[in-house]
Amino acid sequence: MNHEKMTNVSRKRGFLWPSYEIYSGVSGFTDYGPLGASLKNNIMQKWRKQYIVGEGFREIEGPTVMPKEVLKASGHVDNFTDPMCKCEDCGEVFRADHIIEEAIGKDVESFPNEKLDEIVLENNISCSECGGKLSKIWDYNLMFKTQIGAKGNKIGYMRPETAQGIFILFKRLSRYFGGRLPFGVVQLGKAYRNEISPRQGVIRLREFTQAEAEIFLNPQDKTHPKFENIKDEKFRLSSQDVQKNEKEEIVVTGQVALDEGIISSEMLIYQLYLARKFLYDIGIPDEALRFRQHLPGEMAHYALDCWDVECKTDQYGWVEIIGIADRGDYDLSSHTKESNEDLNVYIPYDEPKLVKKTVIKPNMAKFGPSFKQDSPKVKTFLENLNDEEIKDLKAAIDKEGKYIIKLDKDLELLAEHLSFEEIEEEVKGEKITPHVIEPSFGIDRILYCTLLHSFTETDEKDYFKFEKTIAPIEISVFPLLNKTPLTKIGFEITENLRKEGFNVDYSTAGSIGKRYAKSDEIGVPLAITVDFDSNETDDVTVRYRDSEKQKRIKIDELNNFVENYFNKKD
RNA sequence: GCAGCCGUGGUAUAGUCUGGUUAUUACUCUGGCCUUCCAAGCCAGCAACCCGGGUCCGAAUCCCGGCGGCUGCACCA
């Protein structure tokens, strides 16, 4: 692990570059160079393979510009802000709640801005730098704001997370999945947050890539069919208890974590397992990872429970790279309220439930004479009673022979007006608002950690020891010298491998040693060298990046050999 | 956003205090030579004073503003 060397190589070789460099750059943005872009794509492809192919989730792609209503409902318009104020003399900008707290020693977090303005006036709070007058307080919202359409009266925001795009499609998605829970939907794409002062390179970007899965499930049933397979997997956990009481991290199996209530559900544990498996497959070892539960005050406005996967770095300490949250029904309920669309599913019971209940049979023949024009009202009243009220009514009539209905006037209901019947009713299911378990991956951070932990220093060389399935370039082809027929053979080999779908670099530049060194450095797993013997013996040298061992392979068998090596199934 | 330090080819740097010839050096990179494998050698070449303004006969160098980087503070649902 060596941040400094790694970032140098990554800049030099074309993984990560600062954005808008020729205009002196803008912080909080980053460019992926040729190798970085490929690496990122490979990581995202691998992610798709795990969640879409492996778990049967389905992918959607929504717009990145969202109308205000969506983010109002999600809570981002109101909660994704900081109250700010500015000194009218020196221009210094402050967090309003902080400067107030400092001045009067009272916690005013989540007070409305008007209230904060009042407090500033009443307590005569001034600029802590120059003593100048403070401006009115405004909200600094971390979302990028824009307008939709020419009139400019439709406010839009760049989405601050990809998740909302899935929630707002819930009706169509639940129909797509046949109305059955659980189901999983994923979205990969850009999200935007206008950070006040981003630093730390690719760790905190204003525009970043997320890969999120939203798993909709029955709140009564957070089990997972594959939990059985992973219940003995061990997890290194830093729970709320561990953090609050400054205990050692605990290492427990999934089963124990469930039994002792450390993690609340099978589904959540299974997602922790999947997240770790993914990271392992792209070359981030378990030792570099830990699971940390959010503390109550730290939790986002929507979360019931949240576990971060954190990765160890030498430069930034433990960095959050994945958040796995139980969002409860927060989002679907909020969107139901805001949009007036029912975002729920009908859950049929395994077996219809037989519910015993008492129903009222009004004796309509007696109604007319007794209630006259009030008859329909009495009928409606009786029809709208719930089980509890029917019981009370029956009890009253059994005991006292009458029941007073209080409508616009009191009406006396007698035993002769109605009869009761005990029936058994079949209830087949109920409507519920699903809960959501959300694994949310920060792709840029994960890519950084992949670079950091793949970067290997030995006595001979420093290089990216990528897992071969994510290496941006898979094979290097080198004629030993820049001469025919070596170049001709080399070029043919390159073309053949490219036809098979391999990402191949062909180069004749510089000495063979230099080319090997560069090829290793950018993490190409295999190099193929054509020499003067190749022309006569029809074979070439294959060299492995990690061991630097070489072997001769017949040119005819080359495609087969590399396909086996990369285990490519297309 | 604030404070301190900093910004010279792709990389690492000399020169800045004390303004003055064609901006130093090494590596890298590109082309060539090389009949045999791990950054070799030889020849040739590309390539820089963060941006804008000011002072001055003259600015990489001094002054002001901006942008960016690092560190600290603040911020990071």
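By convention in this document, chain letters (A, B, ...) are assigned in the order of the sequence lines, proteins followed by strands, and residues within each chain are numbered from 1.
- For rU11(B), neither phosphate oxygen OP1 nor OP2 lies less than 4.0 angstrom from any side-chain nitrogen or oxygen of Asn8(A).
- If you take CG of Asn535(A) and C1' of rU36(B), they are 14 Å apart, rounded to a whole angstrom.
- A 4.5 Å side-chain heavy-atom check between Leu237(A) and Trp307(A) finds at least one atom pair inside the cut-off.
- The distance from atom NZ of Lys483(A) to atom C1' of rG32(B) is 10 Å, rounded to the nearest whole Å.
- If you measure from atom CZ of Arg204(A) to atom P of rA74(B), you get 13 Å, rounded to the nearest angstrom.
- rC56(B) makes up no base pair with any nucleotide shown, lacking Watson-Crick or G-U wobble contacts both under 3.5 Å.
- Looking at Arg199(A), its side chain comes within 3.5 Å of the base of rG72(B) through a donor and an acceptor atom.
- Atom CD1 of residue Ile262(A) and atom CD of residue Gln293(A) lie 9.5 Å apart, to the nearest 0.5 angstrom.
- Both Tyr316(A) and Leu142(A) lie close to RNA chain B; mapped to their nearest nucleotides by heavy-atom distance, the more 5′-ward contact belongs to Tyr316(A).
- Whole-Å rounding puts the His3(A) NE2 to rC70(B) C1' distance at 10 Å.
- When both distances must be under 3.5 Å, the Watson-Crick or G-U wobble mate of rC73(B) is rG1(B).
- Side chain to side chain, Ser238(A) and Glu249(A) fail the donor-acceptor criterion of an N or O pair below 3.5 Å.
- Using a 4.0 Å heavy-atom criterion, one finds that Glu161(A) contacts no nucleic acid atom at all.
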For nucleotides 37-45 of chain B, 5' to 3', base contacts (B), sugar-phosphate-only contacts (S) and non-contacts (-) with protein non-hydrogen atoms under 4.0 Å give BBBB-----
